[in-house]
Amino acid sequence: MTNLPTAATPASLGVARAQHQRQTVNELDQLGALHGWGLEHLAGSIGTVVHGIDLRAAASPVEAAALRLLFAERKVLFFRDQPLTRPQHLAAAQLFGELEPQHPFAAIRGLGYEHPEGIKQILRIVHDEESVGVENNW
């Protein structure tokens, strides 16, 4: 943060942080608008729904960099209504970095984890009467 009060108090730091968050959100909104995306921020500093993006289309290097910046700032991104094939899903995930070969829990059988079409980088979590899931224990 820049321009912190010299005699910082918890209240003044909170005000400075809120001002920084508003500035960052405004800058991210401008970045999204450059790419034709609408950004719906869900909370002050975490979570954004990205509207107007089609993850089936190959992202340009500039778009990929913008998504990585948005992800770094907002920590969680949501892309609604994306009918992705498995290869498109992998390509979209790789916009954010190298993929792990397989999640460690995926090797545990009987917990409701599946690899659609044998693709180890995609983990489908299924909850039903036979599998209650354990992901909340991470």
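Heads up: numbering here begins at 1 and tracks the sequence.
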Task: Path from Leu67 to Leu84 over hydrophobic side-chain contacts below 4.5 Å - done: yes
- [ ] Compare all side-chain heavy atoms of Thr48 with those of Glu40 and state whether any distance is below 4.5 angstrom.
- [x] no
Open item on the list: Could you check whether any side-chain N or O of Glu63 sits under 3.5 Å from a backbone N or O of Ser60, counting only pairs where one atom can act as donor and the other as acceptor?
Closed with: yes
Task: Side chain proximity check, His35 to Val62, heavy atoms < 4.5 angstrom - done: yes
Task: Hphob cluster co-occupancy, Leu70 + Leu55, side-chain heavy atoms under 4.5 angstrom - done: yes
Task: Contact summary for Ala64 and Ala59, nearest pair of heavy atoms - done: N-CB, 4.3 Å
- [ ] Could you tell me the separation between the CZ atom of Arg74 and the OG1 atom of Thr24, rounded to the nearest 0.5 Å?
- [x] 9.0 Å
Open item on the list: Checking one residue: Phe78. Which other hydrophobic residues are in its cluster under the side-chain 4.5 Å linking rule?
Closed with: Leu42, Ile46, Val49, Val76
Open item on the list: Between Leu95 and Leu39, is there shared hydrophobic-cluster membership here, with clusters defined by ILVMFWY side-chain heavy atoms closer than 4.5 Å?
Closed with: yes
Task: Side-chain (Glu73) to main-chain (Arg68) donor-acceptor, under 3.5 angstrom - done: no
TODO: Scan residues 49-61 for pairs that pass salt bridge (charged side-chain N to carboxylate O under 4.0 Å, His left out), counting only residues two or more places apart or in two chains.
DONE: Asp54-Arg56
Open item on the list: Assigning hydrophobic clusters by single linkage (Ile, Leu, Val, Met, Phe, Trp, Tyr; side-chain heavy-atom cutoff under 4.5 Å), is Leu28 placed with Phe71?
Closed with: yes
- [ ] Would you confirm whether Gln88, through its side chain, and Thr85, through its main-chain N or O, come within 3.5 Å as a donor-acceptor pair?
- [x] yes
Open item on the list: In the structure I gave you, are the side-chain heavy atoms of Gln121 and Glu100 within less than 4.5 Å of one another anywhere?
Closed with: no
